[in-house]
Amino acid sequence: MWDRLLTDCNIATMDPAVGAPFGAIEDGAIAIQDGRILRVGRRVELAGNRAKTVEPLGGAWVTPGLIDCHTHLVFGGNRAGEYEQRLQGATYEEIAKAGGGIVSSVKATREASLDDLVETARRRLHALMRGGATTVEIKSGYGLDTETELKMLRAAKRLGETESVRIVPTLLALHALPPDYKERRDAFVRLATEEMIPQVAGLAQAVDAYCEGIGFTQAEVRALFEAATRHGLRVKLHAEQLSNMGGAALAADYKALSADHLEHADEAGIVAMAKAGMVAVLLPGAFYALKETKKPPVDLLRKHKVPMAVATDCNPGTSPVLSPTLMLNMACTLFGLTPEEALAGMTREAARALALQDEVGTLSAGKAADLCVWRVSRPAELCYWIGLPGPERRIVAGRDA
């Protein structure tokens with residue numbers, strides 16, 4: 001006997017094998033057993049089977065749970081003052097060089113207790129969950145010392161243990177250069193490679209860096225990725241956000257999970273990503289907040305069949321975004337994705353960006369029963385409404401959340 005049977009629903013499986021747009025199955029049903037999807041199909045195909053609970057959904061649409069595959073959710077303080085500066089004409093680079101930007105979040109994060117970081121991040125996490133997120137990646141990166149980076153990762157882990165959401169922690173080891181290392185860049189890179197990485201076993205699932213003129217060079221990132229590889233950790237990279245530093249191709253050398261931002265990526269970098277099987281993570285919230293004008297090369301990504309994920313990039317300085325559905329809209333309106341591409345970007349392709357494609361991301365037999373129930377008439381509405389509040393129901397591992 002099945003645990004649950006969701007019936008009288010339309011299903012956007014996001015599974016390309018289904019064939020229809022959005023992998024749609026109309027008048028469908030989903031059987032759930034032990035927290036996993038047992039069967040997905042037409043209602044008539046699943047009729048006659050017994051279930052402990054049969055739940056008619058009244059024609060609602062069911063999608064995979066949304067996956068926010070790039071966030072900086074754990075941090076101390078905020079940077080609303082910098083927002084005011086940018087409105088007055090200051091650029092992100094100017095603010096960073098004047099001691100603001102990433103470095104300005106470090107003091108508050110270092111001073112915050114583990115409990116404080118957990119509780120402030122919990123409020124932000126709840127907003128993402130209300131918006132339909134069932135999996136959220138959380139990066140460190142506002143500690144810039146080993147103790148605080150580990151504290152941030154422990155905060156992320158605790159959130160995953162206490163909330164009905166899957167948390168994927170990432171060590172963002174090279175995010176910004178601490179002021180006290182201004183004349184000792186090599187020493188900070190050694191700190192990241194020789195001290196941080198060896199201590200994150202059991203806390204981080206991947207290692208990230210910021211390859212940019214105001215961040216870190218190719219050589220510095222290579223040193224980090226070499227260390228991560230030695231310790232069995234996958235890598236990903238903030239690449240080509242403000243300039244073309246060749247980060248996408250560098251990440252491809254290490255078969256990175258993803259390269260993120262990519263506004264200034266060129267065709268050579270995208271070809272390298274395609275060959276390495278990487279995902280391009282598009283972050284329209286940062287593009288919008290920074291008033292950028294150069295868009296990611298979506299046509300080149302399509303041409304070379306690089307999967308495109310979409311994420312909030314929730315962070316205190318350049319993307320104070322807490323709405324996954326707003327990112328779906330912006331991905332279409334600002335970057336030109338189709339609604340199907342955008343929804344795939346927050347489900348199927350986002351799962352691939354976190355190496356979770358065998359677990360979540362599509363509504364397919366054998367995968368975790370992470371899904372959202374939406375009171376809409378068609379899947380494109382999730383992108384059409386600007387900041388749609390969220391789903392009617394969230395189910396994580398087969399349980400209402």
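All residue numbers refer to positions in the sequence shown, counting from 1. Both backbone and side-chain heavy atoms feed into the values below; hydrogens, waters and symmetry mates do not. Bear in mind that the values here come from a model prediction, so they are computed numbers and not experimental data.
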- Using modelled atom types only, decide if a donor and an acceptor are shared between the side chain of E240 and the backbone of M245 within a distance under 3.5 Å. yes
- Query: Has the side chain of E292 got a donor or acceptor atom that lies under 3.5 Å from a matching backbone atom of Y288?
  - Reply: no
- E226/R222 salt bridge by N-O under 4.0 Å criterion: no
- Message: Between E149 and R110, does any NZ, NE, NH1 or NH2 come within less than 4.0 Å of an OD or OE carboxylate oxygen?
- Response: no
- Item | Carboxylate-amine/guanidinium contact R158 E161, below 4.0 Å | no
- Message: If I compare all heavy atoms of A342 with all of L328, which pair ends up nearest, and what's the gap?
- Response: O-CD2, 3.3 Å
- Would you say Q205 and T170 make side-chain contact, with heavy atoms under 4.5 Å? no
- Task: Would you confirm whether R39, through its side chain, and L46, through its main-chain N or O, come within 3.5 Å as a donor-acceptor pair?
- Result: no
- Query: Is D3 close to T53 at the side-chain level, that is, under 4.5 Å between some pair of heavy atoms?
  - Reply: no
- Task: Only pairs at least two apart or in different chains count here, so list each side chain to side chain donor-acceptor pair (under 3.5 Å) that has a residue in residues 192-204.
- Result: T146-E195
- Contacts satisfying ring-ring contact (aromatic ring centres under 6.0 Å, His included) that involve residues 127-174 (not counting sequence neighbours) are Y142-H175
- Residues R190 and E220 bridged, charged N to O under 4.0 Å: no
- Message: Do the side chains of K294 and E263 get close enough for a salt bridge, i.e. N-O under 4.0 angstrom?
- Response: no
- Query: So, are D400 and R4 salt-bridged, with charged N and O less than 4.0 Å apart?
  - Reply: yes
- Looking only at non-hydrogen atoms, find the nearest pair between V165 and T134 and report the distance. CG2-O, 3.3 Å
- Query: So does E349 pair up with R352, basic N to acidic O under 4.0 Å?
  - Reply: yes
- Item | side-chain hydrogen bond (donor to acceptor under 3.5 Å, both in side chains) partner of H72, chosen from T318, T312, D313 | D313
- Item | For F216, ring pair (Phe, Tyr, Trp, His ring centres under 6.0 Å) partners two or more places apart | none
- Donor-acceptor pair, side chain of S319 and main chain of N315, under 3.5 angstrom: no
